[in-house]
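Quick notes on the structure that follows.
Order of appearance sets the numbers: ligands from 1, and atoms from 1 within every ligand.
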Amino acid sequence: MLKEKMEKALNEQINKELYSAYLYYSMSAYSESLGMAGIANWMKIQAQEELTHANKFFDYIHERDGKVTLTAIDAVDTEFGSVKEMFEKVLAHEQFVSESINKLVDISIELSDHASRSMLMWFVDEQVEEEANVQEILDQLAMFDAKGHGLFMLDKDLGGRTFVDETASGE
Ligand code: MG
C-alpha cells in the first residue's frame with residue numbers, strides 16, 4: 001500500500017508528464033508552422049514518450065493499490081520564438097522534470113518506500129538520457145547558428161526518429 005505522501009507526489013508527477021506531452025505537441029505544431037517537418041516529428045515522438053511516462057506512473061500507483069487522481073493540465077505556449085529558443089525551452093523543461101524526479105526519490109527515502117525508489121530509478125536514468133539528447137541537438141544548432149544548410153540537415157535527421165516504448169521493456 002502506498003503512503004499518502006508518496007501517492008500524492010506520484011499523482012502530481014502524472015500531471016507533469018501529461019503537461020510535458022502537451023508542451024511537446026504544441027512544439028510539434030509550432031515546428032510545422034515553420035515548415036520544419038522533421039523537428040515536428042521529433043517533438044511528436046517526444047510527446048508520445050511523455051504519455052508512456054505518465055502511463056508508467058498510472059500503472060504503478062494501481063499496482064500498489066493506490067488511487068490515481070487526474071487534475072487539470074496547465075495551458076502551454078503556442079509560440080516558441082525560434083527553433084533554437086524552442087530547444088532551449090525543452091532542455092529547461094527536462095531539467096525541471098529531473099529535479100521533480102529527484103524530489104520523488106527523496107520522498108521514497110524519507111518514507112523507506114523501497115519499491116517506489118526502485119521504480120523511480122528507471123526515471124532517474126531516463127532523465128539523464130533526455131537531457132543528453134536535447135543538449136546534443138543544442139550543440140548541433142550552435143555549430144551552424146541554427147540556420148541554413150545545417151538546419152535543413154538537422155530537420156532531415158530528426159525526421160528519422162521513430163517511436164519506441166522504452167517503458168515496455170524490463171517489466
Ligand atoms: Mg517524462
> Between Ser98 and Glu94, is there a donor-acceptor pair closer than 3.5 Å when you use the side chain of the first and the backbone of the second?
Replying inline: yes

>> For a quick check under 3.5 Å, do Glu17 and Gln13 share a side-chain donor-acceptor pair by atom type?
In response: yes

>> Are there over 12 heavy-atom neighbours, none belonging to Lys89, within less than 6.0 Å of that residue's NZ?
In response: yes

> Which pair of non-hydrogen atoms, one from Lys84 and one from Leu138, has the smallest distance, and what is that distance?
Replying inline: O-CD2, 4.0 Å

>> Over 60° means perpendicular and under 30° means parallel, so tell me whether His93 and Tyr19 are parallel, tilted or perpendicular.
In response: tilted

> Are Phe144 and His149 close enough that their ring centers fall under 6.0 Å?
Replying inline: no

>> Check for me: within less than 2.8 Å of the Mg ion (ligand 1), which protein N/O/S atoms show up?
In response: Glu17 OE1, Glu50 OE1, His53 ND1

